[in-house]
Number of protein chains: 2
Amino acid sequence: MKHKQVNLSKNQQIVLETIRKAKKPLKAYSILSSVKKKGINAPPQVYRALEKLVELGVIHKIESKNAFVDCKNSECETSKATAFSICKKCQKITEIMNSKLSTYLTNFQDNTGMKYEKYNLEFYGLCKRCKL
Amino acid sequence: MKHKQVNLSKNQQIVLETIRKAKKPLKAYSILSSVKKKGINAPPQVYRALEKLVELGVIHKIESKNAFVDCKNSECETSKATAFSICKKCQKITEIMNSKLSTYLTNFQDNTGMKYEKYNLEFYGLCKRCKL
DNA sequence: ATAACGCTTGTTATAATATAACATTATAAT
DNA sequence: ATTATAATGTTATATTATAACAAGCGTTAT
Ligand SMILES: [Zn+2]
Ligand SMILES: [Zn+2]
Ligand SMILES: [Zn+2]
Ligand SMILES: [Zn+2]
């Protein structure tokens with residue numbers, strides 16, 4: 001449950017801190033406006049940092065939202081096996097850390113002869129609060 | 001393995017036929033350029049059709065590619081439980097129809113008390129051909 | 001030391017994806 | 001027929017993402 005430490009460049013650190021401070025997934029341009037005061041002025045600077053952070057597995061992209069969250073799973077080294085739950089109402093997003101699930105999916109094989117190296121799973125529903 | 005029949009409007013039919021004829025997932029603007037000769041001129045016309053077709057489950061959106069494929073799974077009524085394999089090299093995308101997998105995921109429960117209504121799973125790897 | 005390298009940065013411009021807003025027309029339900 | 005619902009056409013704009021190029025910095029090989 002604790003943050004990973006990696007050697008990051010200045011812009012990468014700034015972007016990562018912004019994402020970690022947020023309680024919700026952040027979109028790239030929302031990050032950009034947050035970091036303008038720190039001297040990051042243009043989209044490519046943000047997107048490059050995001051790309052690297054995703055590669056390193058310290059953040060993940062929620063594909064269906066075009067948004068980024070920091071990884072809270074210390075076992076999740078390189079964003080190769082990710083699962084999220086997304087509340088349709090309040091947009092709360094939680095990374096699912098369930099070893100049975102990840103084992104099941106990591107070992108999953110279909111009949112097409114394809115070798116899977118990576119997966120991303122997104123569940124949608126209503127969170128505990130919004131269900132009431 | 002056969003196509004579903006639903007009552008579709010004119011634009012919805014045009015967009016759906018275009019997607020069905022394609023061998024690869026199509027992007028919205030690629031669809032738009034294909035259907036201009038049929039009188040569809042502007043993005044909203046395409047996006048509205050896509051939205052409806054996704055709702056109906058006759059097509060699916062590949063979130064990580066912003067692309068659309070037609071559903072070949074006759075059991076897949078409303079795009080509520082979808083899984084795809086995506087070749088990183090040739091971009092070939094296949095809808096995974098595996099009842100064990102869908103049962104497993106449909107019944108999956110984590111410890112957050114969230115009720116899942118829908119999921120989308122995308123596997124990445126190398127297809128049979130590209131593996132060689 | 002200095003050249004070469006990999007990596008990050010800064011910057012401008014533009015591409016690609018998606019929606020807002022509004023007027024109109026077709027279809028279905030009562 | 002009247003009303004409601006869904007689909008269309010259109011213009012403009014918002015949002016997301018990348019191309020392309022110049023410059024800087026730290027490491028390492030010679
Ligand atoms: Zn993670
Ligand atoms: Zn919620
Ligand atoms: Zn399907
Ligand atoms: Zn392939």
Side-chain angles (χ1 to χ4, degrees), chain A residues 5-19 22 24-69 78-79 86 88 91 93 120 122, chain B residues 5-19 22 24-69 78-79 86 88 91 93 120 122:
Chain A
Q5 285 309 332
V6 203
N7 278 346
L8 297 177
S9 75
K10 196 187 92 209
N11 287 0
Q12 289 158 12
Q13 279 172 19
I14 293 171
V15 168
L16 178 56
E17 283 318 305
T18 305
I19 292 172
K24 300 215 163 194
L26 294 183
K27 305 209 156 206
Y29 275 74
S30 148
I31 294 168
L32 177 56
S33 71
S34 297
V35 299
K36 281 210 163 136
K37 51 194 168 229
K38 304 215 172 175
I40 296 181
N41 301 303
Q45 297 174 287
V46 170
Y47 280 100
R48 286 191 291 227
L50 289 171
E51 184 183 19
K52 199 52 178 291
L53 294 168
V54 167
E55 263 177 47
L56 294 170
V58 295
I59 67 171
H60 302 301
K61 181 174 187 180
I62 311 296
E63 295 288 354
S64 62
K65 300 285 176 192
N66 300 314
F68 300 85
V69 288
T78 51
S79 297
I86 303 169
K88 294 197 281 193
Q91 303 297 314
I93 296 187
N120 179 54
E122 299 180 5
Chain B
Q5 285 309 333
V6 203
N7 278 347
L8 297 178
S9 74
K10 194 186 94 213
N11 288 359
Q12 288 158 12
Q13 280 170 20
I14 293 170
V15 168
L16 178 56
E17 285 316 308
T18 305
I19 292 172
K24 301 212 161 197
L26 294 183
K27 304 209 157 206
Y29 275 73
S30 148
I31 294 168
L32 176 56
S33 70
S34 297
V35 300
K36 281 210 161 137
K37 51 194 169 228
K38 304 215 172 174
I40 295 180
N41 301 304
Q45 297 174 287
V46 171
Y47 279 100
R48 285 190 291 228
L50 289 171
E51 184 183 21
K52 201 52 179 292
L53 294 169
V54 167
E55 262 177 48
L56 294 171
V58 296
I59 67 170
H60 303 302
K61 181 175 187 181
I62 311 297
E63 295 289 354
S64 63
K65 299 284 175 191
N66 300 314
F68 300 84
V69 288
T78 51
S79 298
I86 304 170
K88 293 197 282 192
Q91 304 298 315
I93 296 187
N120 178 55
E122 299 181 5

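Lettering of chains follows the sequences in order, A, B, ..., and the numbering in each one begins at 1. Just so we're clear, the structure is a prediction, and the values are computed from it rather than from any experiment.
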Handout entry: Interatomic distance, A:Lys27 atom NZ to A:Ile62 atom CD1 [nearest 0.5 angstrom]
Key = 11.5 Å

Problem - Nearest-angstrom distance from the residue atom CD of A:Glu51 to P of D:dT18 - result: 8 Å

Practice task
Give a yes or no answer on whether the side chain of B:Glu122 reaches the backbone of B:Ile86 with a donor-acceptor pair at less than 3.5 Å.
Solution key: no

Exercise for the section: Give the angle between the helix axes at the two ends of the helix from C:dA1-D:dT30 to C:dT30-D:dA1, taking five base pairs at each end and rounding to 10°. Expected result: 40°

Practice task
Would you mind reporting whether A:Val58 and A:Ile19 have side-chain heavy atoms less than 4.5 Å apart?
Solution key: no

Fill in the blank from the handout: Taking for B:Asn66 and for B:Asn11 the nucleotide of DNA chain D with the nearest heavy atom, the one nearer the 5' end belongs to B:Asn11

Practice task
Taking the side chain as every heavy atom from C-beta outward, state whether A:Lys52 and A:Glu55 have any atom pair closer than 4.5 Å.
Solution key: yes

Exercise for the section: Please figure out whether B:Ser9 or A:Phe68 has its closest DNA chain D nucleotide nearer the 5' end. Expected result: B:Ser9

Exercise for the section: Could you tell me the separation between the CG atom of B:Leu8 and the P atom of D:dA6, rounded to a whole number of Å? Expected result: 15 Å

Completion exercise
Nearest heavy-atom contact between B:Ile14 and B:Ile40 is CG2-CD1, 4.0 Å

Handout entry: For chain A, the stretch of DNA chain C it reaches, first to last nucleotide, under 4.0 Å of its heavy atoms
Key = C:dT8 to C:dT12

Practice task
Let me know the distance between OH of B:Tyr47 and P of D:dG9, rounded to the nearest Å.
Solution key: 18 Å

Exercise for the section: State the NZ-CG distance between B:Lys65 and B:Leu26, to the nearest 0.5 angstrom. Expected result: 14.5 Å

Problem - More than 12 heavy atoms from other groups under 6.0 Å of CD on B:Gln91 - result: yes

Problem - Within-4.5 Å side-chain heavy-atom neighbours: A:Ser64 and B:Asn120 - result: no

Practice task
Could you check A:Asn11 against A:Arg48 for side chain to side chain contact (heavy atoms under 4.5 Å, CB included), going step by step and ending with a plain yes or no?
Solution key: CA-CA 9 Å; A:Asn11 287 0; A:Arg48 286 191 291 227; over 6 Å; no

Handout entry: Distance, rounded to the nearest Å, where B:Gln12 contributes CD and D:dA7 contributes C1'
Key = 7 Å

Exercise for the section: Whole angstrom is fine here: how far is it from NZ in B:Lys27 over to P in D:dT16? Expected result: 15 Å

Exercise for the section: Look at B:Lys52 and D:dA7 and indicate whether a side-chain polar atom (N or O) is within less than 4.0 Å of OP1 or OP2. Expected result: yes

Exercise for the section: Side-chain contact test, heavy atoms from C-beta onward, threshold under 4.5 Å: evaluate it for B:Ile59 versus B:Val15 and give yes or no. Expected result: no

Completion exercise
Under a 4.0 Å heavy-atom cutoff, the residues of residues 29-45 of chain B touching DNA chain D are B:Asn41, B:Ala42, B:Pro44, B:Gln45

Exercise for the section: Let me know the distance between NZ of A:Lys61 and C1' of D:dT18, rounded to the nearest Å. Expected result: 12 Å

Problem - Within 6.0 Å of NZ in B:Lys38, more than 12 heavy atoms from elsewhere - result: no

